[in-house]
Amino acid sequence: MKKIGYSLSLTALILSAHESDITSLLAEYRDASDLSNKTRIEALGHVSTYTREDIERYHYYKLSDLLKGIHFVNYEVGRYGWGSPNAATTRFDPTTYVRLYLDDQDVGTCAVGTAMIQWSELPLEMIDHIELYENSGAFALGNEPGIFIIKMYTKDPHRNEGTMARLSLSDRGDREAGLFYGAVGEKWNSTLYGAGTLNDTQKYELNGVDISHERRRKYLIGTLNSETTSINAGYISLNQDLFSGSAIDFHPSSGYYKTSQFYANITQSLLNDPTFLLTLSYNQISADQSERGSLFFPPMARAGLMLGTSFDQSYKIQQESAFLRKTWKGSDWDLFLGTSYKYVSGDQSLLQANGYTVMFTPTTVDLKTVVPIMDSKQTGSLIAEAGYELSRGIWVKAGAKMDHARYSNLYDTEKTMNFHGGIVMLDDAHWTHKLFASHTELPPVFANILMSDSAKQLKPEQLDVVSWTSEYKAEDWRLQASVALSRDYYFIALNPTTMVAENMDSSPKQRAFGLDGSYSVSSESKIDFGAHTTSISGSDPYSAPNGGYLRGVSMWNDIDFMGEVIYRSGYTTYGGYRVDEGYRINLGATFPINRTQTLKLKGENLFGAAQETLLMGPTFTSLLYDRPRILAQFEWSF
Amino acid sequence: MRRFLLYFTLAANLLALESDLKLHAKMMDKLAVDLVNKERVKIYDPTYGRSYDSYLSQSDTVHECSDADIAIVSSINQIQGCKNQIILVTKYSLLNELSEAIGAFYWQKGRPNLVFIRSRLAEKKVRLNNEYAKHIDERIY
């Protein structure tokens, strides 16, 4: 984790009037040349940055590896085995307030409101750095409302020209291969990344019965960039066994879930102005799902089925969008204006269930006749974001986003307003202070609507958040305190009586406090630590309220070492179900074989003491999702 | 891509660019002085051009390789016009393709790396002091 940034690098530069030896100069060069210095916008939120070096040294092989150890967040895996970051104490499925951007482009929220199904296990070998923005709600970060924003940036081909290959194996039967290629031309440069992964070939045992979550993922992601044009496109597919699926007893007798995503974006600077940009995007997500067993899929009850025995679903959601924006910058002000148009259309070719009625009569039901299906939705947006420097280094930021949506069927016109504002103090040599307040409205997505009652329009969920961080940085250590208060209105959840998704009347309040810090023992050795405590009122906790981490990296004879402990507190959820506390212990080492080949070893959750994941249905159960695992990874650059 | 992204970020981040260039200049200054036994060293760096010239204290950048004492190149095409210059490459694999290159200054795993090949240093009669000891390899991989 590197939040030290360019200001420290500059300070170091000024102070280093003496002749530098080559080792310390290389370290200085590394910090000043960190590409996140060029993309991270400190004034827009509480931002944590993970550089390529962090990703390497902390052994973050997948996006989920990183998300499991950050503060205020629990990375929770649901009944289908899909992981997603959730604010501590909460559990949303889908987690619609999390947004994921790759090279500043949204990578797929059109279907279920989160890109995590496809992207949570993205191998990070193609990524240069990751920025996590918490609780700011800033609109200049992207054209989707959200309060937890993950921004990933692909490797710069200028620094990664050539090919990098990776092979990974684990003692649990995981097998992965990836290939990254970077090329630099006269006017264009490009990257291409392909990977195939096979994970969790060994079955899980849940209450004495085996369940499978074997899954295969394929990735093909490319970028092509010139001075004025940026094109990125990708294809991702996931083919998996159900895990616990929709089975009442958490043990589906058979079934599968397949999904694929294709996206393409082109961004063009207009009128030779690099701050005046137009992005055209296409995104398509399709899914094919089949389940057999005693099933719990809420709309079945509405179709008159007392007991479901099979469920089949196939859909394709696509989104076309255009986003025009312009940034102006003065000596003590900046202004961002944008407008966008999105057209989302759905094609639900199959939505069918089999089961028994109350009279035990076997019946086949076309669920499309009993659940609302969204045909299409058009959304127009206006965005404004401004900043003014009150005095040296003290900025006031404010922004608003207005969305106007029209559904082709089902719903009336929907208007949402998002606001945020804040004050940041960035220029002090030691102190950084940030205070933000935001109001975010999250419209229901395709998956919410499917579970809802067509006669009752779902309102957008509303989230009000006030957050503050103060950070003190010294030469070789830093300490940060964070506070966040939030209130959720009209949140969408399944009514346990009617089995219909609806806006809840309760307005849960959350409070969070965290302390994070780091200490650089030497240029190669560092310790990071943090702890957070949260509370929720108006709702039971559905994930751990408290947590902490301690991690360290060091180097000996060119061998990199990493160790970390991630703690999550126990909690008692709805109905008195208890999930015990857990300690995830990871160790890793990187052995350079020569200048081009590397061997990495990592032990994940080594003692099997990580917190179990809560599985929710008509009843609750839990199991250890991340089983102890030893991974070996070979990397070769050529 | 990165240059494209740079344009798109707020101007506050131009400060970062400047620090990037200053450090590049500082590194080039250091390498130039340590590799070339000359009072004022001339550097040919076609990737950066002369963008960091004003930050150099002990060397200068030049437009043509033939005018330089040391060349920092990222492709074979960029050595056109070079004669007996000391050549550093910015991609490790180029060491195999360019037998004239004495070493590489390149990025790997998020870090800048510096490596020299002992036999090539000897060929060019370059003697490096002890601080470079761990950056000198016997062979190319």
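We name chains A, B, ... by the order of the sequence lines, and we start the count at 1 in each one.
- Heavy-atom contacts from other residues, nucleotides or ligands closer than 6.0 Å to NZ of A:Lys600 number more than 12.
- To the nearest 0.5 Å, the span separating CD1 on B:Ile117 from CZ on A:Arg595 amounts to 7.5 Å.
- At most 12 heavy atoms of other shown residues, nucleotides or ligands fall within 6.0 angstrom of atom CZ in B:Arg127.
- Using a 4.5 Å cut-off on side-chain heavy atoms (C-beta onward), A:Leu26 and B:Phe105 make contact.
- The CG atom of B:Leu23 sits 8.5 Å away from atom CG of A:Asp31, with the distance rounded to the nearest 0.5 Å.
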Would B:Trp107 and A:Lys155 count as a side-chain contact (heavy atoms from CB on, under 4.5 Å) here? Give the steps. CA-CA 11 Å; B:Trp107 283 88; A:Lys155 284 178 175 172; over 6 Å; no

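- No donor-acceptor distance shorter than 3.5 angstrom exists from the side chain of A:Glu28 to the backbone of B:Lys26, with no hydrogens or angles considered.
- Within 6.0 Å of NZ on B:Lys134 lie no more than 12 heavy atoms contributed by other residues, nucleotides or ligands.
- Summarising the geometry of B:Pro112 relative to A:Arg30, their closest heavy-atom pair is CD-CB, 3.5 Å, with the distance given to 0.1 Å.
- With a 4.5 angstrom heavy-atom cutoff, A:Thr598 touches chain B only via side-chain atoms.
- Taking the six-membered ring for Trp and the full ring otherwise, A:Phe638 and B:Tyr141 have centroids separated by 6.0 Å or more.
- A:Ser637 touches chain B through its side chain: at least one heavy atom from C-beta onward sits under 4.5 Å away, while N, CA, C and O do not.
- Heavy-atom contacts from other residues, nucleotides or ligands closer than 6.0 Å to CD of B:Glu64 number 12 or fewer.
- Using a 4.5 Å heavy-atom cutoff, the side chains of A:Asn594 and B:Asp137 are not in contact.
- Taken to the nearest 0.5 Å, the NZ atom of B:Lys30 stands 15.5 Å off from the OH atom of A:Tyr29.
- Separation of atoms NZ (B:Lys91) and CZ (A:Arg159) is listed at 16.0 Å; rounding is to 0.5 Å.
- Proximity of a side-chain donor or acceptor of B:Glu131 to a complementary backbone N or O of A:Ile22 within less than 3.5 Å is detected.
- Counted within 6.0 Å of CG on B:Asn130, heavy atoms from surrounding residues, nucleotides or ligands total 12 or fewer; the atom is thus considered open.
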What's the verdict on salt bridge (Lys or Arg N to Asp or Glu O under 4.0 Å) for A:Glu125 and B:Lys109, showing C-alpha distance, side-chain angles and the deciding distance? CA-CA 9 Å; A:Glu125 65 214 85; B:Lys109 299 190 178 300; over 6 Å; no

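- Counted within 6.0 Å of CH2 on A:Trp636, heavy atoms from surrounding residues, nucleotides or ligands total 12 or fewer; the atom is thus considered open.
- Comparing A:Glu635, A:Gln597, A:Met164 by how many heavy-atom pairs each has under 4.5 Å with chain B, the most go to A:Glu635.
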Check step by step if side-chain contact (heavy atoms from CB on, under 4.5 Å) holds for B:Thr90 and A:His158. CA-CA 9 Å; B:Thr90 59; A:His158 289 99; over 6 Å; no

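- Heavy atoms closer than 4.5 Å to chain A are found in the side chain of B:Leu31, but not in its backbone.
- Using a 4.5 Å heavy-atom threshold, the side chains of A:Arg57 and B:Arg111 count as touching.
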